[in-house]
Amino acid sequence: MRRIKLRHLDTLAAFMKTGSVTEAAVVLRTTQPNASKSLKQLEDFAGVKLFERSAGRLRPTPEAELLFAHATRLMDELTLFENLSLDLTTMAQGYVNIGILSAFSTALIPMAVERYNNLYPRIQIQVDLLDSDKIHSYVSRGNYDFGLVHHPEHEADLMTQTLNTSSMVCIMPTNHELAKHRIILASDIADQPFVTYPRSVPFGAAIFRSLSDEGVRPSNSLISNQSQLIRRLVERGRGVALVDHFSVWDANEFDNIVVRQFEPRIPVSVGMIIPKRRPLSIAAQAFVGTLKEVLGHGPA
């Protein structure tokens, strides 16, 4: 089946704008015979007379005018396509859509977004906070480019990757009596006002189990399922807390809390899940690279 070629439209456009086959050939950087041949091929393809010769010059017919109007729109769309392709390649346009646990919204993701946005200010970034089950479900459906969870589950329609491993850490106000310790033991917080996660969430269950194994039962607890709120309560002097290390990845940039190693160790990790049916876009790949850089440099 015959198909019209781009050079036919280019030649028609150049001819209609210059009114001369010779000048159209100059614009297209080709020869006059080649330009004439292209116009003849276009006329054969159209099946109607597009040009009349008068006084040694070609004159477009009304049919040629009509085809030129449509060709102009097609060429404009092609230009938009080419520009969009270039923008996507050079990161001048695009978007990244991520589903994450709230723990990563306190420090890790803001740090990555700041660095990424400085490099690619025209890329739109959307970050939604969800629980782990919803992140797995939505990412598997392709609703997000990727998701960040603590312990990525292996599923048939997901690819998983652990980006970094760490442990729960103890945070406290900078003027707290325990701040002089390099390592905080379970026994050190036995009599301290304690801010923590509820037992019903994995972090809370792990913390209370670890403390119980050490014979520690904290009292006067303030409880929240949000790492950001726990951090803010500690900053305001409401007690000490054991939190996901990634939720205070930027803590040393500020003077209101200190972060200390906690023993016995309670492991945590940050893992990425990606839908198998849709590869990461160039913009999303760059964001993952930025996130790995932030994690690779360690806490601030």
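Each residue takes its place number in the sequence, starting with 1.
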Answer yes if the side chains of Y120 and T290 hold a donor-acceptor pair under 3.5 Å, and no otherwise.
-> no
Approximate separation, where rounding is to 0.5 Å, of I266 CD1 and S166 OG = 11.5 Å
Heavy atoms of T18 and A24 approach each other most closely as OG1-N, 3.6 Å
Apply the test side-chain contact (heavy atoms from CB on, under 4.5 Å) to residues Y116 and V96: give CA-CA distance (whole Å), side-chain angles for both, the deciding distance (0.1 Å), then the verdict.
-> CA-CA 11 Å; Y116 184 86; V96 180; 3.7 Å; yes
Please step through side-chain contact (heavy atoms from CB on, under 4.5 Å) for the pair I189 and L211, ending with a clear verdict.
-> CA-CA 9 Å; I189 63 176; L211 294 179; 3.9 Å; yes
same_hphob_cluster(L28, L58) at 4.5 Å side-chain heavy-atom cutoff | no
Ignoring hydrogens and geometry, is there a side-chain-to-backbone donor-acceptor pair from T72 to F68 under 3.5 Å?
-> yes
Separation between CG of L39 and NZ of K37, rounded to the nearest 0.5 Å = 12.5 Å
Return yes if some donor-acceptor pair links the side-chain N/O of E43 with the main-chain N/O of K49 below 3.5 Å, else return no.
-> no
D145 side chain vs N97 backbone, donor-acceptor pair below 3.5 Å = yes
How far apart are the closest heavy atoms of L185 and F262, and which atoms are they?
-> C-CE1, 3.9 Å
I273 CD1 to T160 OG1 distance, which is reported to the nearest 0.5 Å | 9.0 Å
Under 4.5 Å between side-chain heavy atoms, hopping through other hydrophobics if needed: is there a path connecting L12 to V48?
-> yes
On a heavy-atom basis, the closest approach of V216 and A190 is CG1-CA, 3.8 Å
Kindly give the heavy-atom pair with the smallest separation between V149 and S132, and that separation in Å.
-> CG1-OG, 4.0 Å
Nearest 0.5 Å, what's the CD1-CD1 distance between I98 and I125?
-> 7.0 Å
Should the heavy atoms of other residues, nucleotides or ligands under 6.0 Å from CZ of R57 be counted, would the total exceed 12?
-> no
Taking the six-membered ring for Trp, are F203 and H150 ring centroids under 6.0 Å apart?
-> yes
Determine, step by step, whether Y197 and S227 satisfy the side chain to side chain donor-acceptor pair (under 3.5 Å) criterion, reporting the C-alpha distance in whole Å, the side-chain angles of both residues, the deciding distance to 0.1 Å, and the verdict.
-> CA-CA 8 Å; Y197 304 92; S227 297; 2.7 Å; yes
Is a side-chain N or O of R278 found less than 3.5 angstrom from the main chain of G142, in a donor-acceptor match?
-> yes
Please check if the side chain of S105 supplies one atom and the backbone of S102 the other of a donor-acceptor pair under 3.5 Å.
-> yes
Here the pair of heavy atoms bringing R238 nearest to L222 is CB-CD1, 3.6 Å
Any side-chain heavy-atom pair of R115 and L291 under 4.5 Å = no
With Y138, which residues qualify under ring-ring contact (aromatic ring centres under 6.0 Å, His included), at least two apart?
-> none
Stepwise side-chain contact (heavy atoms from CB on, under 4.5 Å) check, M168 with I207 = CA-CA 9 Å; M168 302 290 283; I207 289 170; 3.4 Å; yes
Parallel, tilted or perpendicular for F51 and F15, by the 30°/60° rule?
-> perpendicular
Have a look at L101 and tell me which of I135, D244, L148, L130 forms a side-chain contact (heavy atoms from CB on, under 4.5 Å) with it.
-> I135
With a 4.5 Å heavy-atom cut-off, do I223 and T196 have their side chains touching?
-> yes
Does NZ belonging to K276 count more than 12 external heavy atoms closer than 6.0 Å?
-> yes
Passes side chain to side chain donor-acceptor pair (under 3.5 Å), Q32 versus S36? Steps please.
-> CA-CA 6 Å; Q32 188 272 340; S36 294; 2.9 Å; yes
Minimum side-chain heavy-atom gap M272-M159 below 4.5 Å | no
Rounded to the nearest 0.5 Å, how far does CG of L129 lie from CD1 of I100?
-> 5.0 Å
Using atom types as modelled and distance alone, determine if a side-chain donor or acceptor of W249 lies under 3.5 Å from a backbone N or O of V294.
-> yes
Check step by step if salt bridge (charged side-chain N to carboxylate O under 4.0 Å, His left out) holds for D188 and R260.
-> CA-CA 12 Å; D188 294 329; R260 295 292 181 260; over 6 Å; no
L163 and K292, any side-chain heavy atoms less than 4.5 Å apart | yes
Can you find a side-chain donor-acceptor pair between Q228 and T106 that sits under 3.5 Å?
-> no
What do you reckon, is CG of D191 surrounded by more than 12 foreign heavy atoms closer than 6.0 Å?
-> no
List the steps, then state whether side-chain contact (heavy atoms from CB on, under 4.5 Å) holds for E177 with Q192.
-> CA-CA 10 Å; E177 60 181 329; Q192 296 291 335; 2.9 Å; yes
Side chains of D128 and Q126, donor plus acceptor under 3.5 Å = yes
Looking only at non-hydrogen atoms, find the nearest pair between A46 and L67 and report the distance.
-> CB-CD1, 4.0 Å
Once the angle between the rings of F194 and F208 is folded into 0 to 90°, is it parallel (under 30°), tilted (30 to 60°) or perpendicular (over 60°)?
-> perpendicular
State yes or no: do V26 and L9 share one hydrophobic cluster built from I, L, V, M, F, W and Y residues joined by side-chain heavy-atom distances below 4.5 Å, directly or via other members?
-> no
Pairwise side-chain contact, L66 with H70, heavy-atom cut-off 4.5 Å (strictly under) | yes
Under a 4.5 Å side-chain heavy-atom rule over Ile, Leu, Val, Met, Phe, Trp and Tyr, are L42 and L74 clustered together?
-> yes
Mind checking whether E214 and P264 have side chains closer than 4.5 Å, heavy atoms only?
-> yes
Side chain H176, main chain P173, donor-acceptor under 3.5 Å = no
Is there a donor-acceptor pair closer than 3.5 Å between any side-chain N or O of S20 and the backbone N or O of T22?
-> yes
Sidechain-backbone polar pair: S38 side chain, A35 backbone, donor-acceptor under 3.5 Å | no
Whether N118 side chain and E114 backbone form a donor-acceptor pair below 3.5 Å = yes
Can you tell me how far OG1 of T165 sits from NE2 of H151, rounded to the nearest 0.5 angstrom?
-> 10.5 Å
Indicate whether any N or O donor in one side chain lies under 3.5 Å from an N or O acceptor in the other, for S224 and Q226.
-> no
Quick one: do the D213 and S210 side chains pair a donor with an acceptor below 3.5 Å?
-> no
If we only count heavy atoms from C-beta on, is the V243 to V169 side-chain gap below 4.5 Å?
-> yes
Does a side-chain heavy-atom distance below 4.5 Å link R199 with R209?
-> no
Going through the checks in order, is the salt bridge (charged side-chain N to carboxylate O under 4.0 Å, His left out) test met by E235 and R231?
-> CA-CA 6 Å; E235 289 175 345; R231 174 174 173 170; 3.3 Å; yes
